[in-house]
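Contents: one structure, followed by commentary.
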2 protein chains.
Amino acid sequence: MVSSAPLNLPVLAREPKETTNQWVYRSLRRAVMIGLVPPGRALTIRDVAAALGVSAMPVREALRRLSTEQALEVRDNRRIMVPQMTASKFRELCELRISIECHAAERALPYVTTQRVDDLTAIDRRIDQVNAAGDREAVTMFNQDFHRHLYEANPNQVVMPLVESIWLQLGPFVRLALSKLQDFYQVDRHSEALAALKRQDPLALRIAIEADIRDGITHVGTNELLKAYVESAGQPS
Amino acid sequence: MVSSAPLNLPVLAREPKETTNQWVYRSLRRAVMIGLVPPGRALTIRDVAAALGVSAMPVREALRRLSTEQALEVRDNRRIMVPQMTASKFRELCELRISIECHAAERALPYVTTQRVDDLTAIDRRIDQVNAAGDREAVTMFNQDFHRHLYEANPNQVVMPLVESIWLQLGPFVRLALSKLQDFYQVDRHSEALAALKRQDPLALRIAIEADIRDGITHVGTNELLKAYVESAGQPS
DNA sequence: TTCGATAAAATGTGATCACATTTTTGAATT
DNA sequence: AATTCAAAAATGTGATCACATTTTATCGAA
């Protein structure tokens, strides 16, 4: 079987003080998160290096970093690929995400100022805008911004790296699955979260965050999502 | 100030099929976990490479991996070091650890067989042995084995990498602090956990795991531990 | 055709080097 | 003595190469 399409990676704009390393990492991360790299397709160092026009060195480190973050998987063959998703693994990731993010929200709550609530409200409005415009990718990104900006109210940050790892693992699958959905947001759980923040109500906040996550991912039923995903996925090596 | 002692790293035995990369990673990880690398001390690639007798390449990747796992910190200067611990960050890490591990235990519970309970019991006995012998390092390692073996009952593993990251961040500090303690285990929380596993009792399991973690870290009071830690720590660059 | 063995190509790994940035050193000035 | 600033040393980054392992292609036998 001829597997390889020439690996068309979206080349992100390179920021001013950024090292090649960081730039390659951002580009690869974005590609994985968007679902551009099919699971089971081997990511070779030389291919990625050629696609981005750099040497092997920064690519090696970016691939290893993403592997450490569980976004990629290093097989015994030393081949690196996007891990295959299964229904039960997906469920496990969702429950873990809910557990960690509810914890993060609760630990952030005491530090949330009215200024931050305003910022969050602004982000929420932007989500509504891009959602109305049908821009699913922007919805995903701004939604992540909303959650990140909430959790980072806590000045002693230890949870965000773990959350980002889970987002990365769910990312490619959710993206692919979301394209099959009709209406993304039914109830605005963010409003409920914002209300809970204003009242400094931990329990209500947890409930809103959990509902928000479930709505965003699981409310149409895991099976359909997974089916759409598996159908579009490649075979393992 | 002359900062650098010659960086004496414990060289682990190299396993049969292991790449230099993995070996360097294991060695460095162990050194960090044990608290051999003082916070604030810069870890230079060439120093580590010289200490381990390898080239810069595997060291670079090992350092980056540990940075991704939050065990090391990459400063703006591009210098890499063990992050400084603070009282509030420590508290945050403990609460996060409890939250995640309770979740992990609960999700593992349905998959725990009598065979696994037997294995866990055996590990627990070994903990008692090395604890009686006063071998604190072995207690730490076997204690981690106990928790890992419990959570890995769940065949859809997504939580262990995150747990390992937290252990890594707490590791150097706990090690240092433990040396100040008299009796490590007062109540055997593992017995309570094992009983809960046999009864398939989720709530009792959560309570036992939380109590175990708190006993192991926080019961003597965070402030004393931190004081002992900070006193032994180096200055930031 | 199908299967298996061998050769050829591709790939990951580790080492070395050049260069830009950062840190340290050391002397000159106040 | 303290400070400043330029030279020197140290360090991280990125590129290139050789080599061992793995994958793929090729050819011959059942």
Side-chain angles (χ1 to χ4, degrees), chain A residues 1-7 9 11-12 14-28 37 40-68 72-82 234-237, chain B residues 1-7 9 11-12 14-28 37 40-68 72-82 234-237:
Chain A
M1 184 184 89
V2 180
S3 60
S4 36
L7 187 56
L9 291 181
V11 180
L12 271 53
R14 190 159 174 173
E15 293 182 4
K17 284 252 141 188
E18 198 176 35
T19 65
T20 309
N21 215 324
Q22 298 168 311
W23 175 68
V24 171
Y25 169 75
R26 281 200 308 118
S27 301
L28 258 180
V37 186
R41 165 92 146 81
L43 274 177
T44 71
I45 296 175
R46 285 172 175 84
D47 280 357
V48 175
L52 265 52
V54 296
S55 80
M57 179 78 40
V59 176
R60 286 169 64 166
E61 301 194 338
L63 286 176
R64 277 197 194 276
R65 175 166 175 192
L66 287 167
S67 303
T68 305
L72 298 176
E73 177 188 13
V74 182
R75 307 283 278 254
D76 295 333
N77 359 344
R78 295 172 171 174
R79 280 295 166 78
I80 296 184
M81 52 186 62
V82 174
Q235 289 78 26
S237 108
Chain B
M1 187 184 91
V2 179
S3 60
S4 33
L7 187 55
L9 291 181
V11 180
L12 271 53
R14 189 159 175 174
E15 293 182 2
K17 285 248 136 188
E18 199 177 35
T19 65
T20 309
N21 215 324
Q22 299 168 310
W23 174 69
V24 171
Y25 169 75
R26 280 200 307 119
S27 300
L28 257 179
V37 186
R41 165 93 145 81
L43 274 178
T44 71
I45 296 174
R46 284 171 174 84
D47 280 357
V48 176
L52 265 52
V54 297
S55 80
M57 178 78 40
V59 176
R60 286 169 63 166
E61 302 193 338
L63 286 176
R64 276 195 194 278
R65 176 165 174 192
L66 286 167
S67 303
T68 305
L72 298 176
E73 179 187 13
V74 182
R75 308 281 279 252
D76 295 334
N77 356 346
R78 296 170 172 178
R79 280 295 166 78
I80 296 183
M81 53 186 61
V82 174
Q235 288 77 25
S237 111

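Nothing here was measured: the structure is a model prediction, and the numbers come from that model. Labels below follow one simple rule: chain letters A, B, ... track the order of the sequence lines, proteins then strands, and each chain is numbered from 1.
Residues forming a side chain to side chain donor-acceptor pair (under 3.5 Å) with A:S27 (at least two apart in sequence, or on another chain): none. Taking the side chain to side chain donor-acceptor pair (under 3.5 Å) definition, one finds that A:R46 meets it with nothing, sequence neighbours left out. For B:T44, the side chain to side chain donor-acceptor pair (under 3.5 Å) partners at least two apart in sequence or on another chain are B:D47. Partners of A:V11 according to the side chain to side chain contact (heavy atoms under 4.5 Å, CB included) rule, which considers only residues two or more places apart in sequence or in another chain, are A:W23. With sequence neighbours left out, the side chain to side chain donor-acceptor pair (under 3.5 Å) criterion links B:R78 to no other residue.
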With a cut-off of 3.5 Å and sequence neighbours excluded, list every side-chain donor-acceptor pair involving residues 48-58 of chain B.
| residue | atom | partner | partner atom | Å |
| --- | --- | --- | --- | --- |
| B:S55 | OG | B:M57 | N | 3.4 |

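Axis deviation across the helix from C:dT1-D:dA30 to C:dT30-D:dA1 amounts to 10°, comparing end segments of five pairs, rounded to 10 degrees.
Pairs passing the salt bridge (Lys or Arg N to Asp or Glu O under 4.0 Å) check and including a residue from residues 50-60 of chain A, sequence neighbours excluded, read A:R60-B:E61.
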Where along nucleotides 9-16 of chain D does protein come under 4.0 Å, by heavy atom, of base (B) or sugar-phosphate alone (S), with - for untouched nucleotides?
-> --BBBBBB

